[in-house]
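Just so we're clear, the structure is a prediction, and the values are computed from it rather than from any experiment. Basis for what follows: all heavy atoms, side chains included, without hydrogens, waters or symmetry-related copies.
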Amino acid sequence: MDVGLLGSFLVPLSSAIAAFGLLPLARRVGFVDHPDARKQHGVPVPLIGGVVVFVGLVMAGLTSGLWHGQAWNWCLAGAVALIGIGTLDDIFDLSARWRLVFQGMTVALACAASGVYIETLGALFGGDVVMLVGLPGLLFTVVCALACINAYNMIDGIDGLAGGVTLITLVGVAILSLAAGHTGTGLFAALACLALLTYLLFNLEIPLLRGWKMFLGDGGSTLLGFLVLWLLVAGSQRDGSFPPIVAVWLVGVPILDMLAVFARRLLSGRSPLSADRIHIHHGLLARGLNARQALVVVVAMHGAMVAFGVAGTLAGWSELTLTLGTFVAAGLYFSLSLLLGGRSAA
């Protein structure tokens, strides 16, 4: 049987089995997100979405054969450790400082042991290639990983958003990897989409799954951020499927939203880590959109950015063009963030 066909059956099946098996258990042991003043749901919701996605990713790696490679084994080990850290945060509410330390150590170990880290930024401004050899490259990768992990944690504010933007990013990685002839990475990214789709069906509570709602939890959003980071580094560095600057387009809205929120907090004299409701989805909700409408708008914005990066790569646009485009996109996004506004108080 064709590997892709087999995976397209086994990945969603394994995720669905995990979902139906773990949801009752999570309710029984109290591993749920309780409603409060800052949350929209009215009943406790199990926090097992990350595990459901992870089970599908394991199956995706098995069917695509990626787990046979040492580098991807370290990806798997790092994912397990980061899910564990996120789950502990869900249970014990770890301090941001210790969470960042554990995340950074995990990423550094996985990247150093596997050799998958950022060694070049490409010809960002049309001149010489910017190289980051050895320790500087590893440290820069850790910084990017922490930014990516926490960007996905911060964007996880309404149903379907973190999963939706990750899904579109994985589609972009799959297209570019397959177009460049790297079928292993491309097949894994495509199969990972099916694991995310399975989670989204439960998270968005389609009619057949009423009463089976789940959230990613910090463990799940951490997993998604790490998965995206790993695929972008592998695709742009080891495989060479796309220039490094395209990674910015593929990560799109989550990273721009985090930077815009941090900038607005600093400009108002507050800590960049302070709590508020000024993310893009909060602004859309404040303007009268409901949660599903806000989801569609943000996912569409992210899809446009990913499409631009994919189209630019396939069309052979210069890295300078793609770099300048990121500044334009960032300026437009920051302007939109200011226009939409939001509440600074938690």
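When only modelled atom types and interatomic distance are considered, Thr169 and Thr166 share no side-chain donor-acceptor pair under 3.5 Å. Looking only at atom types and distance, the side chain of Asp239 has a donor-acceptor partner in the side chain of Thr185 under 3.5 Å away.
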**OP:** Go through the steps for Ile91 and Phe31 under the test side-chain contact (heavy atoms from CB on, under 4.5 Å), then give the verdict.
**Re:** CA-CA 8 Å; Ile91 298 172; Phe31 187 50; 3.8 Å; yes

Subject >> Test salt bridge (charged side-chain N to carboxylate O under 4.0 Å, His left out) applied to Arg270 and Asp276, step by step >> reply: CA-CA 10 Å; Arg270 294 181 294 120; Asp276 53 30; 3.4 Å; yes

Original post:
When you look at Tyr152 and Phe226, which way does the side-chain contact (heavy atoms from CB on, under 4.5 Å) test go after all the steps?
Top reply: CA-CA 9 Å; Tyr152 276 81; Phe226 178 68; over 6 Å; no

Original post:
Taking it one step at a time, do Leu161 and Val299 satisfy side-chain contact (heavy atoms from CB on, under 4.5 Å)?
Top reply: CA-CA 7 Å; Leu161 187 50; Val299 168; 4.2 Å; yes

**OP:** Could you walk me through whether Leu121 and Leu124 pass side-chain contact (heavy atoms from CB on, under 4.5 Å), step by step?
**Re:** CA-CA 7 Å; Leu121 299 181; Leu124 287 175; 4.0 Å; yes

**OP:** Decide yes or no on salt bridge (charged side-chain N to carboxylate O under 4.0 Å, His left out) for Asp159 and Lys213, but give the supporting numbers first.
**Re:** CA-CA 10 Å; Asp159 289 348; Lys213 189 180 187 64; 2.4 Å; yes

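Checking side-chain atoms of Gln293 against main-chain N and O of Asn290 turns up a donor-acceptor pair under 3.5 Å. With hydrogens and angles disregarded, a donor-acceptor distance shorter than 3.5 Å links the side chain of His302 to the backbone of Val165. Between the Glu205 side chain and the Gly211 main chain, a donor and an acceptor come within less than 3.5 Å of each other. Side chain of Arg264 to main chain of Ser337: a donor-acceptor pair is present (N/O by atom type, distance under 3.5 Å, no hydrogens or angles). Distance alone, capped at 3.5 Å, is enough to place a donor-acceptor pair between the Gln237 side chain and the Thr120 backbone.
Residue-environment remark: CZ (Arg210) exceeds the threshold of 12 foreign heavy atoms within 6.0 Å. For CZ of Phe20, the number of neighbouring non-hydrogen atoms (other residues, nucleotides, ligands) closer than 6.0 Å is greater than 12. The 12-atom threshold is not exceeded at CZ of Phe140, counting heavy atoms of other residues, nucleotides or ligands nearer than 6.0 Å. Counting non-hydrogen atoms of other residues, nucleotides and ligands closer than 6.0 Å to CE of Met105 gives a total of 12 or fewer.
Note on Ile17 and Met59: same hydrophobic cluster, where clusters join Ile, Leu, Val, Met, Phe, Trp and Tyr whose side-chain heavy atoms are under 4.5 Å apart, directly or indirectly.
Applying the ring-ring contact (aromatic ring centres under 6.0 Å, His included) test to every pair with at least one member in residues 251-281, sequence neighbours left out, gives these pairs: His279-His281, His279-His282. Evaluation of the ring-ring contact (aromatic ring centres under 6.0 Å, His included) test over residues 231-256, restricted to residues two or more places apart or in two chains, returns Trp249-Phe308.
Contact check for Cys75 versus Val116: no side-chain heavy atoms found under the 4.5 Å cut-off.
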